[in-house]
Participant: 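I have a structure here, written as structure tokens, and I will follow up with some questions on it.
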Amino acid sequence: MITFKLNGTEVEVEEGTTILEAAKEHGVEIPTLCYHPAFEPYQVCRVCLVEVIKDGQSKLVPSCGYKVEEGTEVLTHSELVLKRRRTIVELILAEAPNSERVLAIAKDLGIEKSRFESKREKECILCGLCVNACNDIIKVGAIGFAKRGTQREITTPYGEFSDVCSTCGACASLCPTGVIKVEEISDSEIKPILSEFDANLSQRPCIYVPFPQAVPNRPVIDRENCMYFKTGECRICEIVCQPEAIKYDQDEEITEEEVGAVIVATGYDLYPIERMKEYGGGEYTDVIDGLQFERLLSASGPTQGEVRRPSDGRIPKRVAFFACVGSRDPEHHCSYCSKICCMYMVKHALLYKERVPDGEPVIFSIDVRTSGKGYEEFYTRAKEEAGIIYIRGKPSRIIKEGDGYEVWAINTVTGKQIRVRCDMVVLSTAIIPTVGAPELAREMRIPVDEHGFLSEVHPKLRPVESLVRGFFLAGCSQAPKDIPDTVAQASAAASKVLEMFARGEILAEPHIVWVDEDKCATCKVCIDACPYEARELDEEKKAVVVSDALCQGCGCCVAACPTGATRQKNLDDEQLSRMVEAIFEQEKEHSGSD
Amino acid sequence: MKRIGVFVCHCGHNIGATVNVTEILKELSRYPGVVHCKDYKYMCSEPGQKLIKDSIAGEELEGVVVACCTPSLHEETFRRIADSAGINRYLLEIANIREQCSWVHTDPEKATSKAATLIKTIVEKTKLNDSLEPMRIPVKTKALVIGGGVAGLQASLDIANSGYEVVLVEQNPSIGGHMAQLSETFPTLDCSQCILTPRMVEVGQHDNIDLRTYSEVEEISGYAGNFKVKIRGKPRSVDLEKCTGCGDCWNLCPVMNKPEIRVMQSVSDSMDPDMRSNLDAVIDRNGCAREDIIGILQGVTDEYNWLPRDAICYVAERLEIPVSYVYRIASFFTQFSLEPRGKHIIKVCLGTACFVRGAPRILSQIQSDLGIAPGETTEDGLFTLETVNCLGACALGPLMVVDEDYHGRLKFTRVMSALDSYK
Amino acid sequence: MNKKKNIADQINPEIRDALLEMGADGIYRCYQCGKCAGTCPWFPVGTYDFPIFRLPLEAALGMIASSEDKDELAAEIDKIYRCVGCEACVDQCPHGINIPSIFRAGRRLLVDFGSYPEILKSTVRKIHDVGNPVGEPREKRSDWARDLNVPVFEPGMEFLYFSCCISSYDPRVKSVARAVAGILQKAGISFGILQSEESCCGEAIRRIGSETVYEEVAKANTSAFERNSVAKVLVNSPHCYTSFKNDYPELGVKFDVLHISEHLSDLIESGAIKPDKEFAKKVVYHDPCALGRQNDIYEAPRNVLRSIPGLELLEVENFNHGLSVCCGAGSGGLWMEWDKDERIAGVRVTQLIDTGADVIAVACPYCLQMLEETAKSMGHDIPVMDIAEILAESCL
Amino acid sequence: MAKLANIGDFEKLMETVKAGRESSARSVTVCCGTGCVASGAHDVIAKFQEELKTRKIDAEISSKATGCHGFCERGPLVVVFPDRIFYQRVSAEDVPEIVDETLVKDKVIERLLYSDPVSDEKITHEPDVQFYKRQQRIIFGSNGMIDPTDMDDYIGLDGYAALAKVLSDHSSDDVLDVIERSGLRGRGGAGFPTSRKWRITGAQEATPKYVICNADEGDPGAFQDRSLCEGNPHSILEGMAIGAYAIGASEAYIYVRAEYPLACKHLEIAINQAEDRGLLGDNILGTNFSLKIHIKKGAGAFVCGEESALIASIEGKPGEPIPRPPYPAEKGLWGRPTNINNVKTWASVPYIINRGADWFAGIGTEKSKGTMIFSLVGKVNNTGLVEVPMGMTLKELVEEIGGGIPGGKKLKAVQTGGPSGGCIPSELMTIPIDYEELAKVGSMMGSGGCVVMDEDTCMVDVARYFLSFTVAESCGKCTPCREGNGRLLDILVRICGGDGKEGDIELLKELAGAITDGSLCALGKTAPNPVLTTIEYFRDEYEAHIKDKCCPAKVCKSLITYSIVADNCTGCLACLKACPAGAVSGEKKQVHVIDQAKCTKCGACYEVCKFEAVSVE
């Protein structure tokens with residue numbers, strides 16, 4: 001360990017720590033521009049200069065790369081340091097007058113504007129982060145420095161489009177002045193990694209936490225896009241992770257659990273907007289679905305709660321909301337009503353008006369179903385407050401007109417055509433089961449209806465139990481429903497499970513099969529016949545054994561057993577033959593009579 | 001022979017309208033084994049049930065057949081009556097003469113005959129029924145909840161708070177489902193995340209809940225009460241114990257677009273062959289590693305007087321380094337030029353000695369006459385003008401060197417004549 | 001005496017049952033969402049109010065052409081004959097209700113009462129008399145092929161080429177039939193024509209509402225086909241195509257029918273036809289409703305156009321394939337006299353021209369006539385050509 | 001050339017060579033340094049060989065092309081041995097006369113002798129020439145006497161004796177002690193004690209270690225390293241071998257500047273000869289010490305004179321300095337311990353070993369030992385390379401050796417240390433040549449450039465010139481140097497252009513401070529020195545440029561105007577013909593007029609006019 005004086009106080013740090021790291025550990029903030037914790041300190045911007053006094057001699061050194069030396073005194077904000085730092089930051093500010101980071105550092109030092117007029121065509125401060133990332137970390141080498149002195153610049157060879165750039169965007173996200181643009185480096189299509197949580201309205205890195213309040217609040221690596229899994233390079237997250245928690249070689253693990261009951265609450269997804277061809281779904285960027293508009297409204301969303309158009313970020317003056325998009329449409333999409341769209345459209349209109357006071361929400365709908373508690377009152381209040389224009393009629397087309405859109409519809413109350421120009425359209429697409437859930441259910445042999453929603457035993461009497469015993473349903477996996485119903489149904493399902501656990505046992509119908517060991521010829525035909533895998537061959541007894549719990553009394557084995565060794569309680573062969581005889585006698589009596 | 005009691009239900013007019021119940025009673029009372037026959041308008045109602053219960057006791061019946069609607073509706077109700085009446089509940093059977101007879105037939109006569117047959121078969125079955133006890137299967141008191149949305153959270157909490165263990169499997173990296181994405185919820189306009197996050201945290205910290213995020217249910221086997229579940233935990237590539245959630249990694253990961261790895265197009269076959277053989281010779285002479293780059297480029301400059309683009313690309317290809325790196329070296333050193341240079345190179349010395357002896361005046365003279373600035377080449381490709389910082393012959397300042405010949409102690413009047421000899 | 005006018009709606013089950021019986025579909029399923037009316041070609045025209053979303057309910061109430069007032073009845077009759085049968089509304093209706101079938105049922109009632117537009121009456125009479133809507137004598141039906149030595153159809157020939165009345169008689173549209181014949185001969189296809197034995201396929205007049213005359217010509221045609229044991233029929237008009245494919249089977253007759261674009265596309269693919277001459281023009285293809293939306297044939301005509309060297313195929317933005325706008329000539333529209341600036345074809349011509357194309361390509365004689373005439377009346381001199389004509393220019 | 005198996009063989013060889021060259025033999029040497037070659041030295045030597053052959057006396061009298069003697073001003077130089085008759089400005093035509101008169105008849109040719117500019121007295125013998133008299137030529141001593149391509153010449157003058165001595169009875173520590181006692185300091189510019197640098201590198205465990213000779217010499221106006229490499233390459237190789245032995249390195253590089261082709265050639269020849277003779281390569285002189293020396297050619301970047309940039313350039317990277325610590329001594333070339341010294345430092349080592357540390361310590365001042373080679377250039381009569389003992393005052397250097405200022409002009413300032421050095425005003429001429437003394441006045445020893453400036457030099461323009469050099473040569477990596485020096489240059493250009501503003505001087509100082517403290521490498525840190533020293537000593541000139549918008553030395557173009565003095569002008573059309581911009585108008589015999597709009601202020605008319613009719617205001 002090394003001891004040294006930091007701004008007058010004695011401090012101890014491990015050997016090899018740089019002054020910047022040591023200062024950060026002790027709460028002293030030193031400005032940096034070309035520093036990145038994962039890179040070799042490039043030490044060129046010189047913004048992080050500090051004064052080091054070593055056996056009486058003082059000199060200025062870059063704190064990002066200079067390692068702490070025993071017995072020296074470090075002054076991070078001495079009068080000389082501030083004087084020099086101010087001049088250097090002014091020089092950088094002249095290079096990049098509009099960069100937020102540089103302006104922030106300048107403001108801390110009390111600099112409003114640089115005395116030097118900016119001559120640079122591109123606001124690049126040549127900190128080298130992009131070049132070092134592209135060459136030493138991502139190891140593609142699409143861009144590099146060129147020339148030297150005041151002519152020094154960052155460019156692709158000959159300033160032409162690079163043929164090796166992988167458009168990963170590392171250079172653009174590292175640039176402190178935001179001057180480097182991927183589309184200027186490569187002419188191939190740039191596909192941003194879209195945040196699933198933000199419904200594809202914002203970009204996210206490869207290692208990410210879906211949203212700030214995520215539980216567990218731990219990141220995950222998107223192996224499909226992460227450079228390490230593509231080329232074995234980068235590893236930035238591993239380098240910067242102090243607790244060394246990054247495990248690239250971690251593979252999936254299969255674990256087994258024994259449970260008594262299963263509650264299926266796989267939730268819902270929205271009907272894909274791309275299928276609404278007549279509304280330009282998936283083609284027009286400002287035609288979005290309900291969840292995307294929720295993200296626009298949400299404070300933690302891509303626009304921090306401001307309603308802005310995904311295409312150009314302008315605040316839309318008039319927003320059209322379409323009801324029943326894909327719902328109540330047996331011919332092409334979903335036949336059922338998705339129940340919650342009417343209500344969340346009213347909410348959308350109200351919140352939109354709140355955010356954009358001079359905005360004009362227009363709702364195209366055919367009915368407004370406000371079936372929940374307090375819903376009708378909310379609907380009435382919202383219409384008044386938000387000044388919603390309700391047009392009764394399902395629109396037929398959305399046509400792009402200039403930078404806005406024109407909605408073709410019929411006002412079925414007046415019977416007249418109406419063409420509404422608006423800046424953005426929110427389609428309330430249908431609720432469908434979460435992608436993959438129906439397949440999962442079928443694998444678990446839980447019955448599913450034709451839409452993929454899970455089938456309940458009885459819609460009225462046993463709505464939370466699946467037809468297969470032990471499986472319970474909750475939420476939109478069973479049918480579209482709003483949050484109050486979902487929570488209620490979840491509690492119901494839970495209580496059903498608790499009922500089972502409380503009893504600790506299940507009463508099963510006794511009419512299962514048994515095996516007459518002497519007759520059993522161990523031919524094992526019955527074992528394959530049993531759909532519930534309830535039968536095994538017991539070697540010692542030289543006979544097949546039935547697991548009482550697994551047997552569901554379906555009788556397949558009885559039919560398959562050649563020797564009649566397998567018999568079912570209360571449905572013995574003898575009983576069956578008696579019943580058949582009874583039928584014949586009845587027939588003889590009646591036929592004889594007419 | 002068991003003493004069997006038959007009870008026929010009218011079910012309002014559901015059965016009575018198409019099946020002649022009195023006819024049935026008459027017929028059944030004569031049937032061997034049937035010692036007691038009664039009917040009632042709603043057998044499943046309280047009085048109907050009481051009738052059965054009393055008859056069992058009164059007539060000491062050993063088997064009961066109730067002709068009414070589908071067993072899935074009231075089998076349980078009548079079997080409970082059998083229990084309370086003291087006989088084994090499995091000695092009571094249901095004959096379904098509604099869904100399987102009266103509802104599906106219109107001809108009363110045939111319906112009545114079919115109903116009688118149905119009842120008779122069940123009577124025969126009941127005669128040979130043994131008395132059985134329901135099987136008691138022990139239940140594992142642990143629940144699996146699939147899906148970490150608001151529904152999954154609520155169900156898990158209810159079960160866990162009752163003291164039982166729960167395994168919550170969520171396919172996304174975090175629980176919260178779509179509700180976490182909402183801004184505010186109708187009709188109360190609560191902030192959706194504000195009311196959901198406490199639940200999520202509670203689940204996250206609940207010691208009865210084994211939270212499995214970024215996992216999927218692979219397979220479920222077994223039966224109610226004893227399921228075996230295979231859960232596939234997708235690799236997060238992050239060790240959850242060690243990770244403190246400090247955020248350094250996701251704030252510093254720079255890759256924001258889907259990377260598409262592309263390989264440098266080879267230039268070796270599209271370039272002209274003898275340049276390639278020259279370059280091979282230079283590379284063999286200087287070595288084929290990254291540190292020999294400067295020697296190689298000097299070799300190329302000796303050969304072509306400048307660095308053609310194909311040469312730079314080929315060298316990069318042979319040394320397996322990015323073209324941008326070779327371009328950087330080529331543009332850094334003054335000896336290398338990326339533009340074709342003239343036949344003759346004019347170097348005007350601007351060293352201190354020559355400078356004080358009037359070199360700038362010589363330079364401006366040449367510039368105005370040839371019409372090119374330092375670093376440029378004349379249109380006809382004859383001359384390239386360059387400035388150098390000392391040629392080591394300060395005594396002859398101001399000095400100019402053309403290719404290899406030195407022209408010292410220049411007077412601006414004689415400058416242009418010196419150049420004529422090269423035209 | 002001025003009878004006080006009764007403004008209340010009435011329910012008259014008789015008309016409703018008659019309509020149902022005459023094929024009106026889905027009058028109970030409709031929840032008046034209005035989506036159909038927005039896609040109707042009359043919508044972009046913008047000057048004619050055509051609330052077709054009310055039709056199912058009116059049919060359910062039995063209020064089709066039921067008012068006593070003379071003017072109102074005339075307006076209603078005019079409204080009923082506005083539908084051009086393009087079925088754009090059917091494609092969009094959430095319940096797949098066939099609005100045109102309701103119009104057709106109403107028209108059959110009107111035809112039975114004889115109170116339907118005069119111009120259509122004369123067309124029906126002509127078809128009844130000479131088997132073609134133009135009124136030309138039957139013998140002249142194959143005049144278009146006189147100098148092409150196109151053989152008369154004999155049993156054993158692979159195809160019967162059934163050239164629609166318009167492309168048989170109309171001087172301008174004849175060149176389509178000639179182009180088709182020329183191409184087939186070049187490709188060495190065994191085919192023939194029936195000359196005067198043919199009569200109009202009856203698609204239009206059935207949709208106008210005269211079921212009787214339709215059955216007349218239909219039976220005449222089928223008997224002619226049976227007489228000559230015709231197995232495969234080649235047509236160049238989508239209306240003949242939909243008539244032979246979807247309507248004639250109701251008469252219990254079975255034969256294969258192939259639209260010319262499908263056959264040409266196969267011939268090009270197999271190499272039988274080699275379009276070698278350059279046709280260096282920007283061409284926009286207009287999807288005929290009877291071919292595209294109603295019978296799902298979109299790619300075949302486009303393949304034919306794409307195979308022609310130098311031809312640049314354009315699409316009308318937002319209004320192509322299934323979302324294309326009708327030319328307005330279907331279900332009798334060809335003959336109705338709607339005034340000039342209130343035409344569906346006007347909207348479509350503007351859309352086609354806005355793509356910047358040099359040539360409009362069509363695959364239906366009705367579209368050819370309607371678009372060409374409207375374009376001229378609007379002052380555009382853009383040529384309108386059938387895909388067969390274009391292909392002929394490139395491979396003959 | 002048989003390979004020497006052991007030290008004994010070497011000593012035998014040295015005796016035979018020395019014997020062959022008795023000093024009385026008559027011979028003629030012609031200086032073939034770049035300066036003299038530029039004036040036609042090659043023709044002169046060729047003519048001598050031809051003449052001697054025709055007279056068939058080439059057997060007794062030998063002719064030799066040697067390295068640079070130092071007195072470039074009077075090149076091509078010929079010296080006739082044994083009594084060293086010194087002829088200057090010899091052209092090929094003079095050769096027959098020299099052969100007949102001096103070589104055969106031993107008569108001196110007056111007209112070729114050097115005449116003392118002050119006393120106009122003819123001086124025949126080289127040592128008496130005023131230029132050489134005050135010099136103490138040790139490292140440069142043998143330059144004029146040996147043919148760089150002939151190894152025996154060098155051996156004849158005790159060449160490689162030091163190496164043999166070291167290999168036979170010195171351990172590496174002994175060598176380090178000798179160097180330490182000698183007080184030798186780095187001749188590259190910073191003056192870091194050489195022995196301490198060798199000790200640090202030697203002490204590192206990591207192997208292999210490297211030794212580098214920095215022959216990049218980017219300073220404009222300095223060409224001593226070039227003349228040494230061309231004239232006496234073997235002394236450098238011997239010095240490097242001794243150094244490598246002391247440090248324990250077995251591989252060495254010489255980094256030569258791209259613009260010195262002749263130096264590269266001679267060094268290569270020398271290395272090959274030494275290897276053939278077994279004085280380099282494996283098992284030198286049969287001992288277990290071996291040393292492989294490679295030559296790396298620079299590619300035109302002054303910044304590669306800086307240690308870490310030089311190493312980067314050898315490693316094939318762009319010449320951009322790397323932050324220190326770690327210093328090259330711990331982690332240099334390929335990450336291994338590396339010791340870098342200047343050409344002159346290596347060349348001094350053999351003499352110290354041969355003549356002993358005390359001899360070397362006896363020369364120079366208390367802290368700066370030994371001699372320093374200056375390239376005396378600029379406005380001085382005797383331009384050339386001068387080797388003087390430390391401690392001599394600048395006044396003696398410029399006036400006595402330099403022969404004063406031509407054209408009777410007054411001395412204004414002397415600039416030492418190249419672009420990183422400073423301008424020392426005439427009042428301070430009395431300070432001695434010493435690392436610390438020069439640093440005290442804001443300049444530095446540097447690699448030995450010494451530019452003399454007279455009253456006609458504008459100090460602001462000189463500062464601008466040096467800044468334009470460093471800005472053009474800066475690698476551009478760190479902000480203070482790239483942007484700071486860039487802005488310094490802009491301000492100076494503005495001042496020279498006549499739109500200097502109030503406060504510019506303070507701004508220059510503030511910027512200079514930030515650049516010196518903030519830059520990553522020495523180039524950046526020292527770039528502002530010329531500006532700081534010119535402000536310090538010539539602030540009045542800055543004030544004149546800024547406030548009065550006039551250039552006292554009449555150099556800054558936008559501040560001066562050329563006009564015709566009517567009464568002196570004789571209308572001889574001389575200036576009219578000379579003017580490149582066609583700004584002069586007027587008929588023969590008429591008073592001419594200069595059109596100020598067209599005049600580019602090139603000064604051609606002023607120079608051409610014989611009647612002082614052109615005035616500069």
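All of these numbers come straight from a predicted model, not from anything done at the bench. Chain identifiers are assigned alphabetically (A, B, ...) following the order of the sequence lines, protein sequences preceding nucleic acid strands; residue numbering begins at 1 within each chain.
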Participant: Before we go on, tell me: are the rings of A:Tyr532 and B:Tyr223 under 6.0 Å apart, centre to centre?
Facilitator: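 No - the distance between ring centres of A:Tyr532 and B:Tyr223 does not fall below the 6.0 Å cut-off.
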Participant: Side chain, backbone, both or neither: which part of B:Asn251 has an atom under 4.5 Å from a heavy atom of chain A?
Facilitator: neither
Participant: Is B:Thr185 in contact with chain A via its backbone, its side chain, both, or neither, using a 4.5 Å heavy-atom distance?
Facilitator: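 Contact with chain A is through both the backbone and side chain of B:Thr185.
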Participant: Assert yes or no for the condition that the ring centre distance of B:Tyr164 to A:Phe501 is strictly below 6.0 Å.
Facilitator: yes
Participant: Find the one option among B:Cys253, B:Cys313, B:Gly147 whose heavy-atom pairs under 4.5 Å with chain A are most numerous.
Facilitator: B:Cys253
Participant: For A:Glu574, is it the side chain, the backbone, both or neither that has a heavy atom under 4.5 Å from a heavy atom of chain B?
Facilitator: both
Participant: Given heavy-atom pairs under 4.5 angstrom as the criterion, report whether the side chain, backbone, both or neither of A:Lys347 touches chain B.
Facilitator: side chain
Participant: Non-hydrogen atoms of chain B under 4.5 Å away: do they reach the side chain of A:Ala142, the backbone, both or neither?
Facilitator: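 Backbone only.
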Participant: Determine whether A:Arg295 and B:Ser183 satisfy the following criterion, side chain to side chain donor-acceptor pair (under 3.5 Å), listing intermediate values before the conclusion.
Facilitator: CA-CA 7 Å; A:Arg295 290 317 301 152; B:Ser183 56; over 6 Å; no
Participant: Can a donor-acceptor pair be found, under 3.5 Å and without considering hydrogens, that links the side chain of B:Asn257 to the backbone of A:Thr167?
Facilitator: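 Such a contact is found between B:Asn257 side chain and A:Thr167 backbone.
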Participant: To the nearest 0.5 Å, how far apart are CD in A:Glu256 and OG in B:Ser221?
Facilitator: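 If I round to the nearest 0.5 Å, the distance is 7.0 Å.
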Participant: Cut-off 3.5 Å, side chains only: do B:Glu260 and A:Ser166 have a donor facing an acceptor?
Facilitator: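 No - no donor-acceptor pair under 3.5 Å links their side chains.
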Participant: What residue in B:Gln171, B:Glu93, B:Arg212, B:Glu170 has the most heavy-atom pairs under 4.5 Å with chain A?
Facilitator: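 Option with the greatest count: B:Arg212.
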Participant: Mind ranking B:Asn226, B:Leu182, B:Asp248 by heavy-atom pairs under 4.5 Å with chain A and telling me who comes out on top?
Facilitator: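 Among the listed options, the one with the most contacts to chain A is B:Leu182.
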Participant: Heavy-atom distances under 4.5 Å only: say whether A:Ala38 touches chain B with side chain, backbone, both or neither.
Facilitator: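 Interface part for A:Ala38: neither.
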Participant: Could you tell me which portion of B:Asn129 (side chain, backbone, both or neither) has an atom closer than 4.5 angstrom to a non-hydrogen atom of chain A?
Facilitator: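 When you check distances to chain A, atoms from both the backbone and side chain of B:Asn129 fall under 4.5 Å.
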Participant: For B:Phe332, does the six-membered ring have the charged nitrogen or CZ of A:Arg148 within the cation-pi criterion, i.e. under 6.0 angstrom from the centroid and within 45° of the normal?
Facilitator: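 Yes; both conditions hold, so A:Arg148 lies above the ring face of B:Phe332.
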Participant: A:Tyr158 ring centre to B:Arg309 NZ or CZ under 6.0 Å, with the angle to the axis within 45°?
Facilitator: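 Ring-cation test returns yes.
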Participant: Given heavy-atom pairs under 4.5 angstrom as the criterion, report whether the side chain, backbone, both or neither of A:Ile512 touches chain B.
Facilitator: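 For A:Ile512, the contact with chain B is made by the side chain alone.
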Participant: Considering only heavy atoms and a distance below 4.5 Å, find which of B:Pro134, B:Gly225, B:Gly148 pairs most often with chain A.
Facilitator: B:Gly225
Participant: Measure distances from A:Ile254 to the heavy atoms of chain B and classify the residue's part below 4.5 Å as side chain, backbone, both or neither.
Facilitator: both
Participant: Any idea which heavy atoms bring A:Phe378 and B:Pro187 closest together, and the distance?
Facilitator: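 What the structure gives for the nearest pair is CD1-O, 3.3 Å.
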Participant: If every non-hydrogen atom of A:Gly141 is compared with every non-hydrogen atom of B:Ser324, which pair is closest and at what distance?
Facilitator: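 Scanning both residues completely, I find the closest heavy atoms to be O-OG, 2.9 Å.
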Participant: Specify which of B:Phe333, B:Tyr325, B:Trp250 makes the most heavy-atom pairs with chain A at under 4.5 Å.
Facilitator: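 Highest number of heavy-atom pairs under 4.5 Å: B:Trp250.
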Participant: Please state whether the side chain, the backbone, both or neither of B:Leu118 comes within less than 4.5 Å of a heavy atom of chain A.
Facilitator: neither
Participant: Looking at every heavy atom in both A:Lys230 and B:Pro259, which two are closest together, and how far apart are they?
Facilitator: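 Here A:Lys230 and B:Pro259 meet closest at CE-O, 3.2 Å.
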Participant: Would you name the heavy atoms of A:Gln250 and B:Ser237 that are closest together and state the gap between them?
Facilitator: OE1-N, 2.6 Å
Participant: Verify the neighbour count for atom CZ of A:Arg445: are there more than 12 heavy atoms of other residues, nucleotides or ligands below 6.0 Å?
Facilitator: no
Participant: Are side-chain heavy atoms of B:Val323 and A:Asp163 found at a separation under 4.5 Å?
Facilitator: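 In short, these two side chains do not touch, never coming nearer than 4.5 Å.
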Participant: Step by step, work out the salt bridge (charged side-chain N to carboxylate O under 4.0 Å, His left out) result for A:Glu252 and B:Lys234.
Facilitator: CA-CA 5 Å; A:Glu252 64 179 25; B:Lys234 290 185 280 185; over 6 Å; no
Participant: Can you tell me which residue among A:Asp482, A:Ile483, A:Val346 is in a side-chain contact (heavy atoms from CB on, under 4.5 Å) with B:Phe186?
Facilitator: A:Asp482
Participant: Is B:Leu189 close to chain A through its backbone or its side chain, or both, or neither, when contacts mean heavy atoms under 4.5 Å?
Facilitator: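 Side chain of B:Leu189 only, per the 4.5 Å heavy-atom cut-off to chain A.
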Participant: Which heavy-atom pair separates A:Leu498 from B:Asp158 by the least distance, and what is that distance?
Facilitator: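 So the two residues come closest at CD1-O, 4.1 Å.
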Participant: Is it the side chain or the backbone of A:Arg469 that comes within 4.5 Å of chain B heavy atoms, both, or neither?
Facilitator: both
Participant: If every non-hydrogen atom of A:Met579 is compared with every non-hydrogen atom of B:Thr121, which pair is closest and at what distance?
Facilitator: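 Result for this residue pair: CG-O, 3.2 Å.
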Participant: Given a strict heavy-atom distance threshold of 4.5 Å, which part of B:Leu157 is in contact with chain A: side chain, backbone, both, or neither?
Facilitator: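 It is neither, since no heavy atom gets under 4.5 Å.
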Participant: Is A:Glu533 atom CD crowded by more than 12 heavy atoms from other residues, nucleotides or ligands, each under 6.0 Å away?
Facilitator: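 For A:Glu533, atom CD is not crowded (no more than 12 foreign heavy atoms under 6.0 Å).
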Participant: What part of B:Leu211 gets closer than 4.5 Å to chain A, counting heavy atoms only: side chain, backbone, both or neither?
Facilitator: side chain
Participant: Do A:His36 and B:Leu252 come within less than 4.5 Å of each other through their side chains, counting heavy atoms only?
Facilitator: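 Yes. Closest side-chain heavy atoms under 4.5 Å.
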Participant: How are the rings of B:His178 and A:Tyr268 set to each other: parallel, tilted or perpendicular (split at 30° and 60°)?
Facilitator: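 B:His178 vs A:Tyr268 ring planes: tilted.
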Participant: Using only atom types and a distance under 3.5 Å, with no angle test, would you say the side chain of B:Arg328 pairs donor to acceptor with the backbone of A:Lys147?
Facilitator: no
Participant: Is it the backbone or the side chain of B:Met256 that comes under 4.5 Å from a heavy atom of chain A, or both, or neither?
Facilitator: both
Participant: Above 12 or not: heavy atoms from other molecules or residues under 6.0 Å from CD of B:Glu76?
Facilitator: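 Enclosed: over 12 neighbouring heavy atoms sit under 6.0 Å from CD of B:Glu76.
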Participant: Judged by modelled atom types alone, do B:Gln193 and A:Gln213 share a side-chain donor-acceptor pair under 3.5 Å?
Facilitator: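 Short answer, yes.
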Participant: Would you please classify the geometry between the A:Phe471 ring and the B:Phe227 ring as parallel, tilted or perpendicular, with 30° and 60° separating the classes?
Facilitator: tilted
